[in-house]
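Everything numeric here is computed off the predicted structure, so don't read it as measured data. A, B, ... follow the sequence lines: proteins, then strands. Residue 1 opens every chain.
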Number of protein chains: 2
Amino acid sequence: MVEVTRTDRRTSNSRQDILEAAQRLASREGAGKLTIEAVAREAGLSKGGVLYNFPSKDLLLKGMLDWMIETIAPLIDEHRDALEGQPNRTLRALIKASDFKAKNIDPSVPMAILAVAAEDPELLAPMRAEMQARWQQVLDDGTDPELAALLWAAADGLMFHCMLGTGVFPEERRTHLLGRLDELATQICK
Amino acid sequence: MVEVTRTDRRTSNSRQDILEAAQRLASREGAGKLTIEAVAREAGLSKGGVLYNFPSKDLLLKGMLDWMIETIAPLIDEHRDALEGQPNRTLRALIKASDFKAKNIDPSVPMAILAVAAEDPELLAPMRAEMQARWQQVLDDGTDPELAALLWAAADGLMFHCMLGTGVFPEERRTHLLGRLDELATQICK
DNA sequence: GTACATATACCGTCCAAACGGTACAGTAAA
DNA sequence: TTTACTGTACCGTTTGGACGGTATATGTAC
């Protein structure tokens, strides 16, 4: 009797659909155009339907950010596990994980960051926490903290430029650039 | 005769005031809170006054972006000129110019990027053009294009994290990190 | 200098549309 | 019947923007 409802929620995955629709919309039209009605239209249901799953816009945005974290974190861990024993495994995992195309992840996923930042910058707190924890892992790998921070920043810079379409390199070559970044990360020594 | 008393109004450039108020607001409250009324309040005039100077919100945002470019471009050129004859002068100038604190430039200036992206990503076109032109200069300096792109991305990654407050390094050390980045840029060889 | 005309820079008010959110009736399945 | 959800109708507020008015500066003619 206790655990029944779980399966019901799984049968219809409206929550996922809504979150994905929101990402797509933010990525295509801009974070400012992300209204509840527009999300509903994009997800193929009514405004009431969206508000049933996410009782307020803030909760929808929080949901977007949480989902982004939950999507990316295991991806990072996976790469990190595969690099066990090798130097700078966490940093290298962060770099590898930011190549979304390689893992068939919607490239608009990290747009949640900009959408959330536009609505209320304080909602980014969970992401800050996640990044700090990850940074501790990077440090624990024993490396030059400054170089590591710079390489991480490079990966994120590429990601932001990819999101905004302001990159100076053609999009197709981002994977290759990340490969180069990975080489650098491998070579860092304390 | 006395022609100066009210001349303050004429002399004081409201356009600048409005643009600066908009940057401050976007930086403090988030890009989504950037409404014409709020900008007017922050700039100390009425909504009508803002709309007189910028006939539509899109034009205001375009104004913010243009002003950002006009503020930063000469700064880059200045650094670039100072590095004449040295390797990778353009890339190094880009890195140095992204340290706003050093030049007493309001750190909220690049928030225009996020504000514009939130309203309509296509408005970023002028920035894309500016960056492509700058990239050509970097290439003309004769360097490893991929490494150069990565170092530039690192500088921008630090900037974005600074804007969003999601950086993993304390803000005070950004200057130092940029110095380290400058060292790397100096060492790149073809 | 006075009178009048025009331009500039801005204010205050108003409005239709869009917004986030509520209320509730309905449905389909378990 | 309960649970999980959809869809419509609606409300109060906010939004971008239009518009007419106003104080001041400037130009021109007397």
| request: List in chain and number order the residues that pass side-chain contact (heavy atoms from CB on, under 4.5 Å) with A/S46, two or more places apart in sequence or in another chain; answer none if no residue qualifies. | output: none
| request: Indicate, with yes or no, if A/L94 and A/L139 share a hydrophobic cluster defined by side-chain heavy-atom contacts under 4.5 Å among Ile, Leu, Val, Met, Phe, Trp and Tyr. | output: yes
| Whole angstrom value for the distance that separates C1' of D/dT8 from OH of A/Y52 | 18 Å
| Sequence-distant partners of A/A112, side-chain contact (heavy atoms from CB on, under 4.5 Å), two or more places apart | A/Q23, A/M64, A/M68
| task | Quick one: which residue pairs count as a ring pair (Phe, Tyr, Trp, His ring centres under 6.0 Å) with a foot in residues 128-169 of chain A, not counting sequence neighbours? | result | A/W135-B/F169, A/F160-B/F160, A/F160-B/H161, A/H161-B/F160, A/F169-B/W135
| task | To the nearest Å, give me how far apart CD1 (A/I18) and C1' (D/dA4) are. | result | 13 Å
| remark: Taken to the nearest whole Å, CG/B/L59 to C1'/D/dA18 is 15 Å
| note | Side-chain atoms of A/S14 come closest, of D/dC5, D/dT8, C/dC10, to D/dC5
| request: Please name all residues satisfying side-chain contact (heavy atoms from CB on, under 4.5 Å) with A/E130, sequence neighbours left out, ordered by chain then number. | output: A/I69, A/A73, A/R134
| field | Rounded distance (Å) that lies between atom C1' of C/dT8 and atom CG of B/N53 | value | 11 Å
| request: Scan nucleotides 18-29 of chain C nucleotide by nucleotide, 5' to 3', and note B when protein non-hydrogen atoms come under 4.0 Å of the base, S if they reach only the sugar-phosphate, - if neither. | output: -SBBB-------
| said: Does anything in residues 27-36 of chain A form a side chain to side chain donor-acceptor pair (under 3.5 Å)? List the pairs, not counting sequence neighbours. | reply: A/R28-A/E42
| message | In this structure, how many angstroms lie between the C1' atom of D/dA23 and the CG atom of B/L45, rounded? | response | 15 Å
